[in-house]
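Only one structure is covered here, and it is reproduced in the block below.
Sequence lines set the chain letters: A, B, ... in the order given, protein chains first and strands last, and positions in each chain run from 1.
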Protein chains: 2
Amino acid sequence: MALVRGHFERSETKMPSPGPGEVVVKAEYFSPDAMNHAWVRGMPGKFDPLAPGTVMRGGVAGAIVKSANPQWPEGTRITGFLDWADYSLSDGTDYMGVPLQIIPEGIDTHSGLVTLGMSGVCAWLGLFHFCHARPGDDILISGASGAIGSIAGQLAPLAGCRPVGIAGGPEKCSAALDAGFDAMVDYKAPDLGDQIAAACPDGVNIFFDNVGGALLDAALVSMAHNGQVLICGGTAHYGAVPTPIYNHIHMAMRSLTMRGFFYFDHVDMWGEARERLTQSLKEGAIREWLDIAEGFDATPDAALAGFSGGVNGRKLVWLD
Amino acid sequence: MALVRGHFERSETKMPSPGPGEVVVKAEYFSPDAMNHAWVRGMPGKFDPLAPGTVMRGGVAGAIVKSANPQWPEGTRITGFLDWADYSLSDGTDYMGVPLQIIPEGIDTHSGLVTLGMSGVCAWLGLFHFCHARPGDDILISGASGAIGSIAGQLAPLAGCRPVGIAGGPEKCSAALDAGFDAMVDYKAPDLGDQIAAACPDGVNIFFDNVGGALLDAALVSMAHNGQVLICGGTAHYGAVPTPIYNHIHMAMRSLTMRGFFYFDHVDMWGEARERLTQSLKEGAIREWLDIAEGFDATPDAALAGFSGGVNGRKLVWLD
């Protein structure tokens with residue numbers, strides 16, 4: 001079952017009180033992402049769907065406003081997967097069983113959720129850990145105007161690589177060029193495969209894919225020999241019926257490697273990624289491309305927009 | 001364009017004479033395989049289709065019967081991609097630009113083409129070089145009654161792994177069990193996914209895929225975390241329209257790696273593979289599962305059978 005508007009309902013509850021070892025987090029931002037979808041549909045082998053009536057959960061950035069845990073003093077700014085509510089109760093870990101992540105001094109709260117959160121860390125791990133990017137590589141990035149893609153596009157030049165983006169429509173493509181992509185492919189135009197081939201005439205060395213489906217299918221044909229495909233996400237798969245791919249025989253013909261990774265399997269690498277990303281943020285090498293909705297009630301539409309191609313940069317909800 | 005019966009025609013030519021540095025090979029066996037398909041359809045970025053009227057080429061095992069090259073004495077038994085004709089002319093390399101491969105003493109001529117040829121070497125490279133098979137792994141092998149699959153199934157226990165095969169129909173499944181597979185999945189039965197899950201209850205650690213299409217799609221759902229998929233071949237893709245896969249989002253959800261390899265990219269590793277395989281043959285650890293057609297005129301049907309699921313073991317043509 002895909003995430004739909006009817007999965008959301010607003011309700012009033014009391015502010016929680018922390019038990020021993022617990023803290024109360026006041027939310028300032030929510031970040032809708034694929035996990036909201038997973039909590040509705042369930043994720044085979046990982047977790048069951050949330051029971052109807054359960055408080056929706058998701059990415060949250062905020063501050064600890066009450067603490068019964070000396071390790072987590074009041075005022076600490078943190079992120080984590082917590083309740084999509086004004087206040088969340090936590091024992092220092094979030095719903096994914098991961099410790100709350102502290103937002104470093106000098107970093108904006110929303111950046112803790114975006115560049116130092118799942119979006120930025122996925123982009124960093126994908127490029128620097130899983131893809132073995134080498135200077136001179138052409139890196140094709142789908143979802144280029146989205147949360148992960150827009151950061152991956154800015155990280156690619158730091159690895160000496162040339163970022164080529166895929167996005168839908170001339171407006172998004174133009175904005176991505178302004179944001180630092182070297183060339184853009186418009187998947188809403190009819191000649192997807194030809195555009196990719198023209199944008200990467202020597203073949204795609206790395207395809208950093210956040211979408212899947214027809215985009216992945218088209219890119220497989222244009223991969224360079226020994227190319228690498230990173231399956232970072234698959235927004236094309238969040239609908240009721242996933243879109244198929246036909247061209248995977250190119251895996252053998254071009255000696256390709258395709259790798260998928262699940263963010264929460266690599267908590268041990270988050271520290272290094274967050275440290276490097278903090279430095280890049282402070283140096284101004286990464287500018288966040290944000291699309292901020294205002295107010296608690298904007299949450300459902302913001303959450304759904306991420307799966308409909310309606311996103312320009314990182315969609316966040318700001319709780320005013 | 002797929003390989004069809006009409007692509008074949010028999011013609012008479014003279015026996016060639018070797019020029020300086022050249023040898024004449026008398027064929028004893030032909031081995032139909034995916035390359036025959038590629039020479040009709042062409043292979044993007046690798047070579048163009050053969051012009052109509054060109055002598056069909058393919059795997060050949062035979063002996064040098066005339067030599068004008070002191071490095072290649074008469075009587076040497078060799079294999080290579082040569083003309084599908086009684087006699088081939090060669091300068092010591094074959095149509096793939098690779099040196100003719102010498103069949104070692106004590107090894108049958110057909111074994112030079114099968115276990116020490118593309119089938120055996122692909123199985124060996126796939127398991128021992130690309131898949132990083134570890135003792136205790138469950139290895140699912142499609143095309144289990146085919147050329148590569150039947151050898152991979154016998155190599156898996158040498159790596160301490162458990163081979164589970166996929167083949168079509170009770171007869172082939174039963175024969176594969178006799179040949180050493182620990183369990184079999186019948187893809188012609190309606191419950192493919194359930195059969196795979198039942199045969200590998202802890203998940204598939206390695207899927208050694210020679211088929212693609214619906215089989216790959218079903219296997220993706222049953223992969224173990226951090227599992228590896230080897231795209232060794234894709235007989236499902238030799239028809240006019242390749243069959244699609246829908247489940248590649250499992251690449252990300254299960255942190256899978258999918259790797260394809262092209263045999264001719266790894267000529268540097270053939271030596272080690274052939275040496276180990278020669279040893280296994282001499283020790284009786286590998287028994288060849290052969291399906292031998294007799295006579296030159298049997299060639300077209302033999303070549304087409306490999307793409308229609310009509311093969312039990314390695315299809316060869318014996319030139320009587």
Side-chain angles (χ1 to χ4, degrees), chain A residues 34 37-38 41-47 122 126 130 197 202-203 209-214 216-217 220-239 241-266, chain B residues 34 37-38 41-46 122 125-126 130 197 202-203 209-214 216-217 220-239 241-266:
Chain A
H37 182 83
R41 177 180 271 187
M43 195 179 274
K46 297 197 186 295
F47 45 76
C122 276
F130 291 106
D202 297 327
D209 185 26
N210 300 297
V211 176
L216 174 56
D217 210 32
L220 279 173
V221 180
S222 280
M223 295 301 297
H225 213 81
N226 292 319
Q228 302 194 54
V229 179
L230 187 81
I231 307 293
C232 183
T235 47
H237 298 263
Y238 295 133
V241 179
T243 50
I245 62 173
Y246 295 86
N247 292 320
H248 57 285
I249 193 65
H250 289 263
M251 296 294 302
M253 281 169 47
R254 296 163 190 268
S255 294
L256 307 181
T257 301
M258 184 185 289
R259 206 180 300 265
F261 76 100
F262 186 60
Y263 178 63
F264 296 99
D265 286 344
H266 303 285
Chain B
H37 182 84
R41 177 180 271 187
M43 195 178 272
K46 297 198 187 295
C122 276
L125 289 178
F130 291 107
D202 297 327
D209 185 26
N210 300 297
V211 177
L216 173 57
D217 210 33
L220 279 173
V221 180
S222 279
M223 295 301 296
H225 212 83
N226 292 319
Q228 301 194 53
V229 178
L230 186 81
I231 306 293
C232 181
T235 47
H237 298 263
Y238 294 134
V241 179
T243 50
I245 63 173
Y246 294 86
N247 292 319
H248 58 284
I249 193 67
H250 289 263
M251 295 295 301
M253 281 169 48
R254 297 164 189 267
S255 293
L256 307 181
T257 301
M258 184 185 288
R259 206 180 302 265
F261 76 101
F262 185 60
Y263 178 62
F264 296 98
D265 285 345
H266 304 285

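Applying the side chain to side chain contact (heavy atoms under 4.5 Å, CB included) rule to B:Ala38 yields the partners B:Met43, B:Phe47; only residues at least two apart in sequence or on another chain are considered. Scored by the side chain to side chain donor-acceptor pair (under 3.5 Å) test, A:Asp265 finds B:His225, B:Ser255 as partners (sequence neighbours excluded).
Of the atoms belonging to B:Ile245, heavy atoms from both backbone and side chain fall under 4.5 Å from chain A. With a threshold of 4.5 angstrom between heavy atoms, B:Leu230 does not approach chain A through any atom at all.
Nearest heavy atoms, A:Ala252 versus B:Cys232: CB-O, 4.5 Å.
Highest contact tally toward chain A, considering only B:Met251, B:Arg259, B:His250, is held by B:Met251 [criterion: heavy-atom pairs under 4.5 Å]. Of the listed residues (A:Arg254, A:Gln228, A:Met258), the greatest number of heavy-atom pairs within a distance under 4.5 Å of chain B belongs to A:Met258.
B:His248 pairs in a side chain to side chain contact (heavy atoms under 4.5 Å, CB included) with only one of the listed residues (A:Val229, A:Asp217, A:Leu216), which is A:Leu216.
Between the CG atom of A:Asn226 and the CZ atom of B:Phe262 there is a distance of 12.0 Å, given to the nearest 0.5 Å.
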